[in-house]
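Here the structure is laid out as C-alpha coordinates; the discussion comes afterwards.
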Amino acid sequence: MFFFIKGYFLFSHSCLDRYLNMGNLLKVLTCTDLEQGPNFFLDFENAQPTESEKEIYNQVNVVLKDAEGILEDLQSYRGAGHEIREAIQHPADEKLQEKAWGAVVPLVGKLKKFYEFSQRLEAALRGLLGALTSTPYSPTQHLEREQALAKQFAEILHFTLRFDELKMTNPAIQNDFSYYRRTLSRMRINNVPAEGENEVNNELANRMSLFYAEATPMLKTLSDATTKFVSENKNLPIENTTDCLSTMASVCRVMLETPEYRSRFTNEETVSFCLRVMVGVIILYDHVHPVGAFAKTSKIDMKGCIKVLKDQPPNSVEGLLNALRYTTKHLNDETTSKQIKSMLQ
(Lines give C-alpha, C1' and ligand atoms only; values in the text may rest on other atoms or scores of the structure.)
Protein backbone atom coordinates (compact mmCIF):
# COMPACT_ATOMS: atom_id res chain seq x y z
CA MET A 1 0.00 0.00 0.00
CA PHE A 2 1.23 3.51 -0.78
CA PHE A 3 0.93 6.91 0.79
CA PHE A 4 0.80 10.10 -1.26
CA ILE A 5 2.53 12.98 0.49
CA LYS A 6 3.22 16.57 -0.44
CA GLY A 7 2.85 15.80 -4.14
CA TYR A 8 6.26 14.18 -4.31
CA PHE A 9 6.54 10.70 -2.84
CA LEU A 10 4.92 7.30 -2.68
CA PHE A 11 5.87 5.33 0.46
CA SER A 12 5.09 1.87 1.77
CA HIS A 13 3.53 1.77 5.27
CA SER A 14 6.43 -0.09 6.87
CA CYS A 15 8.97 2.34 5.50
CA LEU A 16 6.99 5.42 6.45
CA ASP A 17 6.25 4.25 9.99
CA ARG A 18 9.90 3.55 10.58
CA TYR A 19 10.98 7.11 9.84
CA LEU A 20 8.02 9.44 10.29
CA ASN A 21 8.78 10.10 13.93
CA MET A 22 12.33 11.13 13.06
CA GLY A 23 10.91 14.09 11.16
CA ASN A 24 13.11 13.45 8.17
CA LEU A 25 11.23 12.07 5.18
CA LEU A 26 14.40 12.09 3.12
CA LYS A 27 15.52 9.06 5.13
CA VAL A 28 12.80 7.15 3.31
CA LEU A 29 14.89 7.30 0.16
CA THR A 30 17.44 4.95 1.68
CA CYS A 31 14.88 2.60 3.22
CA THR A 32 15.62 -1.02 2.36
CA ASP A 33 11.99 -1.55 1.35
CA LEU A 34 12.77 0.51 -1.73
CA GLU A 35 14.99 -1.97 -3.47
CA GLN A 36 15.09 -0.03 -6.72
CA GLY A 37 17.29 2.74 -5.33
CA PRO A 38 16.18 6.38 -5.13
CA ASN A 39 12.42 6.30 -5.39
CA PHE A 40 10.76 9.67 -5.59
CA PHE A 41 8.78 11.68 -8.09
CA LEU A 42 10.81 14.40 -9.78
CA ASP A 43 8.26 16.89 -11.05
CA PHE A 44 9.60 17.68 -14.51
CA GLU A 45 6.34 19.36 -15.49
CA ASN A 46 5.71 21.82 -12.65
CA ALA A 47 8.81 22.28 -10.47
CA GLN A 48 9.30 25.93 -9.44
CA PRO A 49 12.48 27.40 -7.91
CA THR A 50 12.68 28.04 -4.18
CA GLU A 51 14.36 31.21 -2.93
CA SER A 52 17.72 29.45 -2.53
CA GLU A 53 17.60 28.11 -6.11
CA LYS A 54 16.67 31.38 -7.81
CA GLU A 55 20.13 32.79 -8.53
CA ILE A 56 21.41 29.72 -10.41
CA TYR A 57 17.94 29.05 -11.86
CA ASN A 58 17.71 32.53 -13.40
CA GLN A 59 21.22 32.28 -14.89
CA VAL A 60 20.44 28.92 -16.50
CA ASN A 61 17.01 30.08 -17.62
CA VAL A 62 18.56 32.83 -19.76
CA VAL A 63 20.32 30.07 -21.73
CA LEU A 64 17.46 27.58 -21.84
CA LYS A 65 14.95 30.09 -23.22
CA ASP A 66 16.98 30.12 -26.47
CA ALA A 67 17.16 26.32 -26.75
CA GLU A 68 13.89 25.79 -28.63
CA GLY A 69 14.82 28.43 -31.20
CA ILE A 70 18.17 26.70 -31.78
CA LEU A 71 16.39 23.40 -32.40
CA GLU A 72 13.92 25.05 -34.80
CA ASP A 73 16.80 26.63 -36.74
CA LEU A 74 18.60 23.29 -36.92
CA GLN A 75 15.46 21.44 -37.97
CA SER A 76 14.89 23.89 -40.82
CA TYR A 77 18.57 23.84 -41.91
CA ARG A 78 18.53 22.79 -45.55
CA GLY A 79 22.09 23.49 -46.62
CA ALA A 80 23.55 24.86 -49.84
CA GLY A 81 24.23 21.50 -51.51
CA HIS A 82 22.77 22.47 -54.88
CA GLU A 83 24.67 25.77 -55.14
CA ILE A 84 27.93 24.13 -54.00
CA ARG A 85 27.63 21.32 -56.57
CA GLU A 86 26.98 23.84 -59.37
CA ALA A 87 29.99 25.92 -58.31
CA ILE A 88 32.30 22.89 -58.15
CA GLN A 89 31.13 21.54 -61.52
CA HIS A 90 31.66 24.96 -63.21
CA PRO A 91 34.78 26.42 -61.54
CA ALA A 92 35.24 29.11 -64.21
CA ASP A 93 31.70 30.50 -63.82
CA GLU A 94 32.09 33.47 -61.49
CA LYS A 95 28.35 33.95 -61.08
CA LEU A 96 27.94 30.38 -59.80
CA GLN A 97 30.90 30.87 -57.42
CA GLU A 98 29.30 34.04 -56.05
CA LYS A 99 25.92 32.35 -55.76
CA ALA A 100 27.38 29.43 -53.76
CA TRP A 101 29.34 31.78 -51.51
CA GLY A 102 26.25 33.93 -50.99
CA ALA A 103 24.25 30.85 -50.00
CA VAL A 104 26.90 29.45 -47.64
CA VAL A 105 27.84 32.59 -45.68
CA PRO A 106 24.47 33.03 -43.87
CA LEU A 107 24.39 29.27 -43.15
CA VAL A 108 27.81 29.49 -41.51
CA GLY A 109 26.39 32.33 -39.44
CA LYS A 110 23.79 29.84 -38.18
CA LEU A 111 26.46 27.22 -37.48
CA LYS A 112 28.39 29.81 -35.53
CA LYS A 113 25.26 30.54 -33.47
CA PHE A 114 24.81 26.82 -32.69
CA TYR A 115 28.46 26.49 -31.66
CA GLU A 116 28.31 29.58 -29.42
CA PHE A 117 25.16 28.19 -27.82
CA SER A 118 27.07 25.01 -26.94
CA GLN A 119 29.54 27.18 -25.01
CA ARG A 120 26.70 28.87 -23.12
CA LEU A 121 25.14 25.49 -22.40
CA GLU A 122 28.45 24.22 -21.03
CA ALA A 123 28.65 27.15 -18.62
CA ALA A 124 25.05 26.58 -17.52
CA LEU A 125 25.72 22.88 -16.90
CA ARG A 126 28.76 23.65 -14.77
CA GLY A 127 26.68 26.06 -12.66
CA LEU A 128 24.03 23.39 -12.13
CA LEU A 129 26.60 20.72 -11.27
CA GLY A 130 28.09 23.07 -8.69
CA ALA A 131 24.69 23.54 -7.06
CA LEU A 132 23.56 19.90 -7.23
CA THR A 133 26.78 18.35 -5.88
CA SER A 134 27.68 20.77 -3.07
CA THR A 135 27.98 19.71 0.56
CA PRO A 136 26.40 19.04 3.02
CA TYR A 137 23.55 17.37 1.09
CA SER A 138 23.71 14.07 -0.76
CA PRO A 139 22.87 14.04 -4.50
CA THR A 140 19.52 12.43 -3.67
CA GLN A 141 18.72 15.18 -1.17
CA HIS A 142 19.75 17.85 -3.68
CA LEU A 143 17.49 16.44 -6.39
CA GLU A 144 14.54 16.22 -3.99
CA ARG A 145 15.08 19.66 -2.45
CA GLU A 146 16.05 21.52 -5.63
CA GLN A 147 13.62 20.12 -8.14
CA ALA A 148 13.65 23.23 -10.33
CA LEU A 149 17.44 22.94 -10.82
CA ALA A 150 17.08 19.20 -11.42
CA LYS A 151 14.45 20.01 -14.05
CA GLN A 152 16.83 22.46 -15.74
CA PHE A 153 19.59 19.86 -15.74
CA ALA A 154 17.11 17.48 -17.37
CA GLU A 155 16.14 20.13 -19.94
CA ILE A 156 19.80 20.60 -20.92
CA LEU A 157 20.16 16.84 -21.48
CA HIS A 158 16.88 16.68 -23.38
CA PHE A 159 17.97 19.53 -25.65
CA THR A 160 21.40 17.94 -26.15
CA LEU A 161 20.06 14.61 -27.37
CA ARG A 162 17.51 16.30 -29.63
CA PHE A 163 20.19 18.57 -31.13
CA ASP A 164 22.54 15.67 -31.79
CA GLU A 165 19.78 13.52 -33.33
CA LEU A 166 19.03 16.33 -35.80
CA LYS A 167 22.71 17.01 -36.51
CA MET A 168 23.48 13.34 -37.20
CA THR A 169 20.81 13.18 -39.89
CA ASN A 170 21.95 16.35 -41.66
CA PRO A 171 25.20 15.88 -43.64
CA ALA A 172 24.73 19.32 -45.22
CA ILE A 173 26.16 20.91 -42.07
CA GLN A 174 29.67 19.54 -42.52
CA ASN A 175 29.54 19.86 -46.30
CA ASP A 176 28.61 23.56 -46.07
CA PHE A 177 31.28 24.30 -43.49
CA SER A 178 33.99 22.43 -45.42
CA TYR A 179 33.13 24.36 -48.58
CA TYR A 180 33.19 27.64 -46.63
CA ARG A 181 36.67 26.93 -45.26
CA ARG A 182 38.08 25.81 -48.62
CA THR A 183 36.68 28.85 -50.40
CA LEU A 184 37.90 31.22 -47.67
CA SER A 185 41.38 29.75 -47.91
CA ARG A 186 41.41 30.19 -51.69
CA MET A 187 40.19 33.79 -51.39
CA ARG A 188 42.99 34.57 -48.94
CA ILE A 189 45.61 33.13 -51.28
CA ASN A 190 44.22 35.33 -54.07
CA ASN A 191 43.91 38.38 -51.77
CA VAL A 192 40.18 38.58 -52.39
CA PRO A 193 38.28 40.36 -49.58
CA ALA A 194 35.92 37.83 -48.00
CA GLU A 195 32.58 38.98 -46.71
CA GLY A 196 31.80 36.84 -43.72
CA GLU A 197 35.40 36.32 -42.60
CA ASN A 198 34.85 38.72 -39.73
CA GLU A 199 31.97 36.51 -38.70
CA VAL A 200 34.14 33.39 -38.39
CA ASN A 201 37.86 34.01 -38.11
CA ASN A 202 40.40 31.23 -38.50
CA GLU A 203 40.70 30.36 -34.82
CA LEU A 204 36.92 30.14 -34.40
CA ALA A 205 36.64 28.15 -37.65
CA ASN A 206 39.13 25.60 -36.26
CA ARG A 207 37.11 25.19 -33.06
CA MET A 208 33.84 24.93 -34.98
CA SER A 209 35.38 22.36 -37.30
CA LEU A 210 36.32 20.15 -34.32
CA PHE A 211 32.83 20.61 -32.86
CA TYR A 212 30.97 19.60 -36.04
CA ALA A 213 33.36 16.71 -36.74
CA GLU A 214 31.85 14.95 -33.70
CA ALA A 215 28.91 12.62 -34.38
CA THR A 216 27.23 14.02 -31.24
CA PRO A 217 28.81 17.46 -30.68
CA MET A 218 26.54 18.70 -27.88
CA LEU A 219 26.95 15.48 -25.91
CA LYS A 220 30.73 15.70 -26.33
CA THR A 221 30.60 19.29 -25.04
CA LEU A 222 28.63 18.22 -21.94
CA SER A 223 30.84 15.16 -21.32
CA ASP A 224 33.96 17.31 -21.51
CA ALA A 225 32.37 19.94 -19.28
CA THR A 226 31.42 17.34 -16.65
CA THR A 227 34.89 15.76 -16.73
CA LYS A 228 36.45 19.21 -16.40
CA PHE A 229 34.12 20.07 -13.51
CA VAL A 230 35.30 16.96 -11.63
CA SER A 231 38.99 17.62 -12.30
CA GLU A 232 38.76 21.31 -11.31
CA ASN A 233 36.89 20.61 -8.05
CA LYS A 234 39.41 18.36 -6.38
CA ASN A 235 37.98 19.12 -2.93
CA LEU A 236 34.69 17.58 -4.09
CA PRO A 237 34.62 13.76 -4.17
CA ILE A 238 33.98 12.45 -7.68
CA GLU A 239 31.12 10.42 -6.15
CA ASN A 240 29.17 13.63 -5.57
CA THR A 241 29.02 14.12 -9.35
CA THR A 242 28.63 10.49 -10.42
CA ASP A 243 26.00 9.86 -7.71
CA CYS A 244 24.06 12.90 -8.93
CA LEU A 245 24.04 11.37 -12.44
CA SER A 246 23.20 7.83 -11.31
CA THR A 247 20.44 9.11 -9.03
CA MET A 248 18.88 11.06 -11.90
CA ALA A 249 19.03 7.95 -14.11
CA SER A 250 17.39 5.85 -11.37
CA VAL A 251 14.66 8.41 -10.74
CA CYS A 252 13.81 8.58 -14.46
CA ARG A 253 13.75 4.79 -14.75
CA VAL A 254 11.54 4.34 -11.68
CA MET A 255 9.12 7.05 -12.81
CA LEU A 256 8.82 5.41 -16.24
CA GLU A 257 8.30 1.87 -14.98
CA THR A 258 6.03 2.68 -12.00
CA PRO A 259 2.38 3.12 -13.06
CA GLU A 260 1.59 5.28 -9.98
CA TYR A 261 4.23 7.79 -11.06
CA ARG A 262 3.72 7.58 -14.80
CA SER A 263 -0.01 8.24 -14.40
CA ARG A 264 0.87 11.63 -12.91
CA PHE A 265 2.39 12.90 -16.17
CA THR A 266 -0.15 15.30 -17.64
CA ASN A 267 1.77 15.83 -20.89
CA GLU A 268 2.39 12.86 -23.20
CA GLU A 269 5.76 14.42 -24.15
CA THR A 270 6.99 13.87 -20.57
CA VAL A 271 7.61 10.18 -21.28
CA SER A 272 10.00 10.90 -24.17
CA PHE A 273 11.54 13.70 -22.07
CA CYS A 274 12.26 11.21 -19.25
CA LEU A 275 13.68 8.66 -21.67
CA ARG A 276 16.07 11.19 -23.21
CA VAL A 277 17.16 12.47 -19.80
CA MET A 278 17.79 8.93 -18.56
CA VAL A 279 19.97 8.14 -21.58
CA GLY A 280 21.76 11.49 -21.32
CA VAL A 281 22.80 10.99 -17.69
CA ILE A 282 23.88 7.39 -18.41
CA ILE A 283 26.22 8.66 -21.15
CA LEU A 284 27.62 11.42 -18.92
CA TYR A 285 28.12 8.93 -16.07
CA ASP A 286 29.86 6.55 -18.45
CA HIS A 287 32.29 9.26 -19.55
CA VAL A 288 33.00 10.63 -16.07
CA HIS A 289 33.06 7.52 -13.87
CA PRO A 290 36.41 5.67 -13.94
CA VAL A 291 34.82 2.28 -14.75
CA GLY A 292 31.70 3.61 -16.47
CA ALA A 293 27.99 2.81 -16.43
CA PHE A 294 28.10 -0.80 -17.62
CA ALA A 295 30.34 -2.42 -14.99
CA LYS A 296 28.84 -4.54 -12.20
CA THR A 297 29.93 -1.89 -9.67
CA SER A 298 28.01 0.84 -11.53
CA LYS A 299 25.28 2.52 -9.51
CA ILE A 300 23.04 2.57 -12.57
CA ASP A 301 20.76 -0.41 -13.20
CA MET A 302 21.66 -0.69 -16.88
CA LYS A 303 19.52 -3.77 -17.49
CA GLY A 304 16.51 -1.98 -16.01
CA CYS A 305 17.18 1.17 -18.05
CA ILE A 306 17.58 -0.76 -21.32
CA LYS A 307 14.42 -2.73 -20.56
CA VAL A 308 12.48 0.53 -20.06
CA LEU A 309 13.72 1.70 -23.47
CA LYS A 310 12.87 -1.61 -25.14
CA ASP A 311 9.35 -1.45 -23.66
CA GLN A 312 8.60 1.69 -25.73
CA PRO A 313 7.44 1.70 -29.38
CA PRO A 314 10.66 0.78 -31.31
CA ASN A 315 10.61 3.74 -33.72
CA SER A 316 10.48 6.19 -30.80
CA VAL A 317 13.64 4.96 -29.03
CA GLU A 318 15.96 3.69 -31.78
CA GLY A 319 17.94 6.95 -31.66
CA LEU A 320 18.34 6.64 -27.88
CA LEU A 321 19.45 3.00 -28.11
CA ASN A 322 21.96 4.07 -30.79
CA ALA A 323 23.22 6.79 -28.45
CA LEU A 324 23.96 4.09 -25.84
CA ARG A 325 25.55 1.86 -28.49
CA TYR A 326 27.76 4.44 -30.15
CA THR A 327 28.39 7.42 -27.83
CA THR A 328 29.22 5.64 -24.58
CA LYS A 329 32.81 4.97 -23.60
CA HIS A 330 32.74 1.63 -21.76
CA LEU A 331 30.07 -0.52 -23.48
CA ASN A 332 32.67 -2.71 -25.18
CA ASP A 333 34.87 -3.11 -22.10
CA GLU A 334 35.49 -6.63 -20.85
CA THR A 335 33.75 -5.67 -17.59
CA THR A 336 30.42 -5.23 -19.44
CA SER A 337 28.27 -8.33 -19.07
CA LYS A 338 27.34 -10.33 -22.16
CA GLN A 339 23.68 -9.89 -21.26
CA ILE A 340 23.91 -6.08 -21.44
CA LYS A 341 25.84 -6.27 -24.72
CA SER A 342 23.26 -8.61 -26.23
CA MET A 343 20.39 -6.37 -25.03
CA LEU A 344 21.92 -3.51 -27.03
CA GLN A 345 22.70 -5.53 -30.19
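Side-chain atoms are counted along with the backbone in the values below, which use heavy atoms only and exclude waters and symmetry mates.
Classification of K299 and E239 as a salt-bridged pair fails, no side-chain N sitting under 4.0 Å from a carboxylate O. Ion pairing between a basic and an acidic side chain is recognised when a charged N comes within 4.0 Å of a carboxylate O; E146 and K151 show no such pairing. By the 4.0 Å N-to-carboxylate-O rule, K228 lies too far from D224 to be salt-bridged with it. Using a cut-off of 4.0 Å between Lys/Arg side-chain N and Asp/Glu carboxylate O, E269 and R276 are scored as not salt-bridged.
In this structure, D301 and S250 have side chains that are not in contact, with every pair of non-hydrogen atoms separated by 4.5 Å or more. By the 4.5 Å heavy-atom criterion applied to side chains, K112 and M208 are counted as neighbours. By the 4.5 Å heavy-atom criterion applied to side chains, D73 and I70 are not counted as neighbours. Between E86 and K99, every side-chain heavy-atom pair lies at or beyond the 4.5 Å cut-off.
A centroid separation of less than 6.0 Å is found between the aromatic rings of W101 and Y180. Two rings, from Y115 and F177, have their centers 6.0 Å or more apart. Ring centroids of H158 and F273 are separated by less than 6.0 Å, placing the two rings close together.
Of all heavy-atom pairs between F44 and M248, the closest is CZ-SD, 4.3 Å. When all heavy atoms of L143 and C244 are compared, the closest pair comes out as CD1-O, 4.0 Å.
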Which is it for L125 and F153 under the side-chain contact (heavy atoms from CB on, under 4.5 Å) test, yes or no, and what are the steps along the way? CA-CA 7 Å; L125 178 77; F153 184 30; 3.2 Å; yes
Kindly determine whether I300 and C305 satisfy side-chain contact (heavy atoms from CB on, under 4.5 Å), including the steps that lead there. CA-CA 8 Å; I300 296 177; C305 291; 4.0 Å; yes
Could you walk me through whether R126 and E232 pass the side-chain contact (heavy atoms from CB on, under 4.5 Å) check? CA-CA 11 Å; R126 286 156 68 86; E232 286 179 354; 2.7 Å; yes
Go through it in stages, so that I can follow the logic: the residues are R162 and Q75, the test is side-chain contact (heavy atoms from CB on, under 4.5 Å), and I'd like the CA-CA distance, side-chain angles, deciding distance and then a yes or no. CA-CA 10 Å; R162 286 175 71 200; Q75 200 151 18; 5.5 Å; no
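Residues meeting the side-chain hydrogen bond (donor to acceptor under 3.5 Å, both in side chains) test with E318, sequence neighbours left out: R325. Every residue meeting the salt bridge (charged side-chain N to carboxylate O under 4.0 Å, His left out) condition with K307, not counting sequence neighbours, appears here in chain and number order: D311.
At a cut-off of 3.5 Å, with distance as the only test, a side-chain donor of T50 or E53 sits close to an acceptor on the other residue.
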Under 3.5 Å, side-chain donor or acceptor atoms of residues 55-66 against the rest of the protein: list the pairs with distances, not counting sequence neighbours.
| unit_1 | atom_1 | unit_2 | atom_2 | d |
| --- | --- | --- | --- | --- |
| N58 | ND2 | K54 | O | 3.2 |
| D66 | OD2 | R120 | NH1 | 3.0 |
| D66 | OD2 | R120 | NH2 | 3.2 |

